[in-house]
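Ligands are counted one by one from 1 in listed order, and the atoms in each one are counted from 1 as well. Please read all numbers here as calculations on a predicted model, not as lab measurements. Note: hydrogens, waters and symmetry copies are ignored here, and every other heavy atom, side chains too, is used.
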Amino acid sequence: VLIPLLGLGLAVYFYSGPGNFSEEMLRGKRVIVTGASSGIGEQMAYHLARMGAHVLLTARTEAKLQKVVEKCLDLGAASARYVSGSMESTAFAEEVVKEAENIWGGLDMLILNHIGRSFFDFFNGDVDHVRKLMETNFLSYVAMTTSALPMLKESEGNIVVVSSVSGKVASPFVAPYSATKFALEGFFSSLRHEFIIEKVNVSITLCILGYINTENAVQMVSHIIKEAPAPKEECALEIIRSGALRQRELHYPASTVTPTLLLRDLAPEFLDGLIRNNMRVENIKRP
Ligand code: NDP
């Protein structure tokens with residue numbers, strides 16, 4: 001069953017795959033990257049800088065953002081700035097977009113990538129944590145999109161939403177996180193329909209990521225997930241590429257994500273078993 005599925009998955013990937021990307025597409029573009037102080041967001045900032053884009057970066061930790069901005073300028077960014085603050089507040093999310101309007105008078109690409117702190121563990125019943133994570137991982141994405149839309153309509157730009165396999169297929173120990181990522185798919189897929197109906201030429205790319213080797217992810221799950229993580233540098237480049245090409249969805253790494261999504265529809269219970277088997281459940285402490 002798996003071999004034909006894998007073949008079909010790869011065929012789908014290459015059909016909707018990288019296409020005609022040129023790094024020149026990003027030269028001089030005005031791009032916001034959230035969650036840019038570490039991990040995939042930081043790597044996206046460096047790629048964009050090398051490509052000659054203007055970048056506005058955001059996260060909470062000012063000292064880290066300062067260093068990322070310095071490196072972006074060294075790499076050749078057309079300009080690089082940051083705004084620090086927490087996306088737990090939709091007011092801050094709107095402030096970041098306002099800053100782009102003030103400095104650039106427009107915006108070409110909005111990359112929504114940040115996530116709040118969550119746990120890899122049995123759900124402990126903390127409803128407040130779910131609410132806060134919804135605000136950080138979902139509501140702030142909605143608020144930034146809403147504020148940025150007039151500028152993105154003007155530039156016929158791109159919205160790039162960084163999601164996860166956990167936003168398509170549920171796995172254990174990530175209930176609050178998974179809920180926020182499923183919410184992104186519902187909201188942004190509905191919005192995409194409305195853009196088409198209203199002839200709004202703003203693309204929405206949903207990035208479905210598997211396990212990536214960022215420091216935080218590796219620290220949180222390496223003792224539980226058996227598979228090896230994919231490289232954050234390549235992941236970051238694929239996200240930018242898929243946004244610039246106005247792809248509907250990115251699967252990265254395609255070799256694991258695409259077959260997983262095919263199995264989700266064809267054999268959901270079999271997939272659930274594979275997901276649990278791929279984990280060292282004994283390493284999770286019981287509540
Ligand atoms: P990291 O944990 O490395 O980075 C998260 C970023 O978000 C940091 O810049 C962090 O900076 C920022 N952040 C955290 N809390 C807040 C907050 N309250 N307000 C504003 N910013 C905040 O994440 P990754 O690079 O691993 O993940 C990036 C994206 O990729 C996420 O959307 C994630 O869901 C997705 N993804 C990652 C996978 C992986 O295996 N790494 C797998 C699947 C999806 P600071 O602490 O300074 O605020």
Side-chain angles (χ1 to χ4, degrees), residues 32-47 55-69 82-96 110-120 129 131-141 143-144 160-171 173-174 176-185 188 205-222 224-225 227-236 238-240 242 249-253 256-257 260-261 278:
I32 294 178
V33 184
T34 73
S37 65
S38 65
I40 300 163
E42 178 185 357
Q43 297 306 317
M44 285 195 276
Y46 299 150
H47 284 303
V55 292
L56 178 60
L57 311 178
T58 182
R60 292 167 308 172
T61 318
E62 191 164 2
K64 285 193 198 168
L65 286 170
Q66 264 166 1
K67 285 194 184 145
V68 179
V69 159
Y82 70 84
V83 198
S84 58
S86 176
M87 290 288 177
E88 264 180 50
S89 139
T90 48
F92 174 70
E94 288 157 5
E95 195 187 303
V96 175
L110 175 64
I111 304 184
L112 300 165
N113 164 77
H114 64 275
I115 42 166
R117 200 173 122 70
S118 59
F119 312 96
F120 203 84
H129 169 67
R131 185 181 297 112
K132 276 199 184 127
L133 209 61
M134 237 8 184
E135 278 163 5
T136 305
N137 293 9
F138 173 64
L139 271 184
S140 68
Y141 281 42
M144 287 190 82
V160 179
V161 178
V162 180
S163 187
S164 163
V165 173
S166 294
K168 290 267 195 187
V169 177
S171 51
F173 315 124
V174 287
Y177 171 80
S178 186
T180 66
K181 294 297 194 184
F182 267 80
L184 289 174
E185 160 118 40
F188 283 96
T205 301
L206 194 68
C207 303
I208 310 302
L209 307 185
Y211 181 24
I212 313 298
N213 69 356
T214 64
E215 213 179 301
N216 285 342
V218 169
Q219 198 181 8
M220 197 184 291
V221 304
S222 60
I224 299 154
I225 303 272
E227 79 189 53
K232 61 185 180 214
E233 298 80 1
E234 185 182 65
C235 175
E238 288 300 315
I239 294 172
I240 294 166
S242 64
E249 227 172 71
L250 166 72
H251 296 171
Y252 182 87
T256 56
V257 173
T260 301
L261 299 190
N278 189 34

Residue portion contacting ligand 1 (non-hydrogen atoms closer than 4.0 Å) for K181: side chain
S171 and S178, any side-chain heavy atoms less than 4.5 Å apart: no
For atom 37 (C) of ligand 1, the option (of V68, V257, I40) bearing the nearest heavy atom: I40
Check: E88 N/O within less than 3.5 Å of ligand 1 N/O: no
Within-cut-off N or O pair, S37 and ligand 1, under 3.5 Å: yes
Those atoms of ligand 1 less than 4.0 Å from some heavy atom in Y211: 40 (O)
Where ligand 1 meets S86 - atom numbers and elements under 4.0 angstrom, heavy-atom basis: 17 (C), 18 (N), 19 (N)
Note, I212 side chain near Q43 side chain (heavy atom, < 4.5 Å): no
With sequence neighbours excluded, residues passing salt bridge (Lys or Arg N to Asp or Glu O under 4.0 Å) with K64: none
Proximity of T136 to ligand 1 by residue part, where a heavy atom lies under 4.0 Å: side chain
Under the side chain to side chain donor-acceptor pair (under 3.5 Å) test, residues paired with E88 that sit two or more places apart: none
Within-cut-off N or O pair, T61 and ligand 1, under 3.5 Å: yes
Non-hydrogen atoms of A45 and L57 that approach each other most closely: CB-CD2, 3.8 Å
Residue selection (non-hydrogen contact nearest atom 23 (O) of ligand 1) among V161, I115, N213: I115
A59 N/O under 3.5 Å from ligand 1 N/O: no
Pick from L112, V162, V221, I111: the one approaching atom 35 (C) of ligand 1 most closely through a non-hydrogen atom: V162
Nearest non-hydrogen partners of K181 and V162, listed with the distance: NZ-O, 2.9 Å
Those atoms of ligand 1 less than 4.0 Å from some heavy atom in G39: 3 (O), 25 (O)
Shortest non-hydrogen separation from Y177 to N137 and the atoms involved: CD1-ND2, 4.0 Å
Pairwise side-chain contact, M134 with L139, heavy-atom cut-off 4.5 Å (strictly under): no
Atom 31 (C) of ligand 1: nearest protein contact (heavy atom, Å): N113 O, 3.1 Å
For Y177, the ligand 1 atoms whose distance to one of its heavy atoms is below 4.0 Å: 33 (C), 34 (O), 36 (N), 43 (C), 44 (C)
C235 to ligand 1, any heavy atom closer than 4.0 Å: no
Pairwise side-chain contact, L209 with I239, heavy-atom cut-off 4.5 Å (strictly under): yes
Contacting atoms of ligand 1, where contact means under 4.0 angstrom from a heavy atom of H114: 7 (O), 21 (N)
Ligand-residue contact atoms, ligand 1 with A217, heavy atoms, under 4.0 Å: 39 (C), 40 (O), 41 (N)
G85 near ligand 1 by a heavy-atom separation under 4.0 Å: yes
Plane angle bin for F120 and F173 - parallel if under 30°, tilted between 30 and 60°, otherwise perpendicular: tilted
Close side-chain approach of E238 and P253, heavy atoms under 4.5 Å: no
Contact partition for P229 relative to ligand 1, non-hydrogen atoms under 4.0 Å: neither
For atom 12 (C) of ligand 1, closest protein heavy-atom neighbour: G35 CA, 3.9 Å
Part of S140 with heavy atoms under 4.0 Å of ligand 1, whether side chain, backbone, both or neither: neither
Any N or O of L209 closer than 3.5 Å to N or O of ligand 1: no
Contact atoms of ligand 1, heavy-atom distance to G116 under 4.0 Å: 15 (N)
Location of contacts on N216 toward ligand 1, heavy atoms closer than 4.0 Å: side chain
Heavy atom of G210, distance to ligand 1 below 4.0 Å: yes
Side-chain donor-acceptor pair present, E234, Y252, cut-off under 3.5 Å: yes
Per-atom contacts, ligand 1 versus A36 - under 4.0 Å to a heavy atom: 9 (O)
